[in-house]
Amino acid sequence: MPNGLQIHLYCLCWNDARMLPYFFRHYDEIVDQYFIFDNGSTDESLALLESHGRVHLEHFDVPGDSFVDEERRLGDQIWKKSRGKADWVIVTDIDEHLYREDLLSYLNRCRSSGITAIKSFGYEMVADSFPTGEDKLINQVTRGCRSYGLNRLCIFNPDAITETHFSPGRHKAWPEGHVVWPESSEVLLLHYKQLGVEYLTQRSAVLAQGIKSGDIANGWGLHYKWDPEL
């Protein structure tokens, strides 16, 4: 990147072909390398990922009875390969877009001042229908409501943080190491799932397929099993 920062992004993918173009449009300006773990996509996701020059694609399996717990374990480990290689890592989802005006300059200032971990300030974004324009989602979907459940540790220094200790769904984290937070949260996490009834229904049905017996027993991911007819 022009300011000398090296930024790596880690996330999972599962049939995200509709969202991936917006994801790359949003992050390509700041991310040097993507590390994306695909969970068996059957749509056009793999073609989109393989055609992107900065994507390192790996497969993600769920050998046990809980997708959510396996995702949590993966999230606690995958970013460690960036130690000694990146100034910052981002751990997020494809429908989560981190935003702050001039984010690169902000991250450069945080690095210079010794900050090592940054928590997002979450918003659930809302639209009547799924966008079709070529612009970034932040310019097309401008309505949202505050969501405290989206206040997440999403950006941190992989050399300073030794462990993240994410909770299921990454809604909380208890990082270890040299942990220095900024005085206030200045980075927004814009969550793009409530993009019309058609998209929300379709996306929830896809995600519900991944819910396993252990997830049901723990009450994880049950919100994906809502019935649009009720």
Checklist entry - Is it true that a side-chain atom of Ser129 and a backbone atom of Gly196 form a donor plus acceptor pair closer than 3.5 Å? => result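 A pair under 3.5 Å: no.
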Next on the checklist: Please check this pair: side chain of Ser41 against backbone of Asn15, looking for a donor-acceptor N/O pair closer than 3.5 Å.
Outcome noted: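 A pair under 3.5 Å: yes.
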Next on the checklist: Assigning hydrophobic clusters by single linkage (Ile, Leu, Val, Met, Phe, Trp, Tyr; side-chain heavy-atom cutoff under 4.5 Å), is Met125 placed with Leu103?
Outcome noted: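 Yes, it is one cluster - the side chains of Met125 and Leu103 are joined through contacts under 4.5 Å.
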Item to check | Same apolar cluster (I L V M F W Y, side chains within < 4.5 Å links), Val141/Val126 | outcome: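 No.
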Step through the shown structure and confirm whether more than 12 heavy atoms of other residues, nucleotides or ligands are within 6.0 Å of [atom1] on [X].
{"X": "Lys80", "atom1": "NZ", "result": "yes"}
{"X": "Arg100", "atom1": "CZ", "result": "yes"}
{"X": "Glu176", "atom1": "CD", "result": "yes"}
{"X": "Glu44", "atom1": "CD", "result": "no"}

Rounded at 0.5 Å granularity, tell me how far [atom1] in [X] sits from [atom2] in [Y].
{"X": "Thr116", "Y": "Asp87", "atom1": "OG1", "atom2": "CG", "result": "13.0 Å"}
{"X": "Gln194", "Y": "Leu200", "atom1": "CD", "atom2": "CG", "result": "5.0 Å"}
{"X": "Arg54", "Y": "His8", "atom1": "CZ", "atom2": "NE2", "result": "11.0 Å"}
{"X": "Asp159", "Y": "His178", "atom1": "CG", "atom2": "NE2", "result": "11.5 Å"}
{"X": "Leu46", "Y": "His59", "atom1": "CG", "atom2": "NE2", "result": "9.5 Å"}
{"X": "Phe37", "Y": "Cys11", "atom1": "CZ", "atom2": "SG", "result": "9.5 Å"}

Checklist entry - So, Arg143 and Asp128, do they make that salt bridge, N to O below 4.0 Å? => result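 Between Asp128 and Arg143 there is a salt bridge, with a charged N closer than 4.0 Å to a carboxylate O.
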Checklist entry - Under the salt bridge (charged side-chain N to carboxylate O under 4.0 Å, His left out) test, which residues partner Arg72, sequence neighbours left out? => result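 Checked Arg72 against salt bridge (charged side-chain N to carboxylate O under 4.0 Å, His left out); matches are Asp69, Asp76.
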Side-chain touch [X]/[Y], heavy atoms, less than 4.5 angstrom:
{"X": "Pro63", "Y": "Glu70", "value": "yes"}
{"X": "Glu186", "Y": "Phe121", "value": "no"}
{"X": "Lys81", "Y": "His56", "value": "no"}
{"X": "Ser185", "Y": "Asn151", "value": "no"}
{"X": "Cys13", "Y": "Leu20", "value": "yes"}
{"X": "Val91", "Y": "Phe35", "value": "no"}
{"X": "Asp93", "Y": "Glu71", "value": "yes"}
{"X": "Ile7", "Y": "Tyr27", "value": "no"}

Locate the shortest heavy-atom distance separating [X] from [Y]; write the atom from each residue and the value.
{"X": "Gly122", "Y": "Leu150", "answer": "CA-CB, 3.6 Å"}
{"X": "Ala17", "Y": "Leu48", "answer": "O-CD1, 3.6 Å"}
{"X": "Leu153", "Y": "Ile118", "answer": "CD1-O, 3.7 Å"}
{"X": "Arg25", "Y": "Asp135", "answer": "NH1-O, 3.3 Å"}
{"X": "Trp88", "Y": "Cys110", "answer": "CZ2-CB, 3.9 Å"}
{"X": "Val68", "Y": "Gly169", "answer": "CG1-N, 4.0 Å"}

Next on the checklist: Centroid separation under 6.0 Å, is that true for the rings of Phe23 and Tyr34?
Outcome noted: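 Centroid distance Tyr34-Phe23: below 6.0 Å, so yes.
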Of the options [options], which is the one that meets [X] in a side chain to side chain contact (heavy atoms under 4.5 Å, CB included)?
{"X": "Leu107", "options": "Ile155, Asn157, Val187", "answer": "Ile155"}
{"X": "Tyr10", "options": "Leu74, Val89, Ile36", "answer": "Val89"}
{"X": "Tyr22", "options": "Ile94, Leu137, Asp95, Asp16", "answer": "Leu137"}

Next on the checklist: For a side-chain contact (heavy atoms from CB on, under 4.5 Å) check, start with the C-alpha distance between Ile138 and His97, then their side-chain angles and the critical distance, and finish with the verdict.
Outcome noted: CA-CA 8 Å; Ile138 193 170; His97 294 188; over 6 Å; no
Next on the checklist: Please evaluate residues His52 and Asp28 with respect to the criterion side-chain hydrogen bond (donor to acceptor under 3.5 Å, both in side chains), reporting the C-alpha separation (whole Å), side-chain torsions for both, the decisive distance (0.1 Å), and the verdict.
Outcome noted: CA-CA 10 Å; His52 193 289; Asp28 275 353; 3.0 Å; yes
Checklist entry - Does the pair Val31 and His26 meet the rule for a side-chain contact (heavy atoms from CB on, under 4.5 Å), with working shown? => result CA-CA 10 Å; Val31 171; His26 182 79; over 6 Å; no
Checklist entry - Quick one: is the NZ or CZ of Arg18 closer than 6.0 Å to the six-membered ring centre of Phe130, and within 45° of its axis? => result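 Pair Arg18/Phe130 counts as cation-pi.
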Checklist entry - Which is it for Arg83 and Ile161 under the side-chain contact (heavy atoms from CB on, under 4.5 Å) test, yes or no, and what are the steps along the way? => result CA-CA 9 Å; Arg83 285 176 173 160; Ile161 303 303; over 6 Å; no
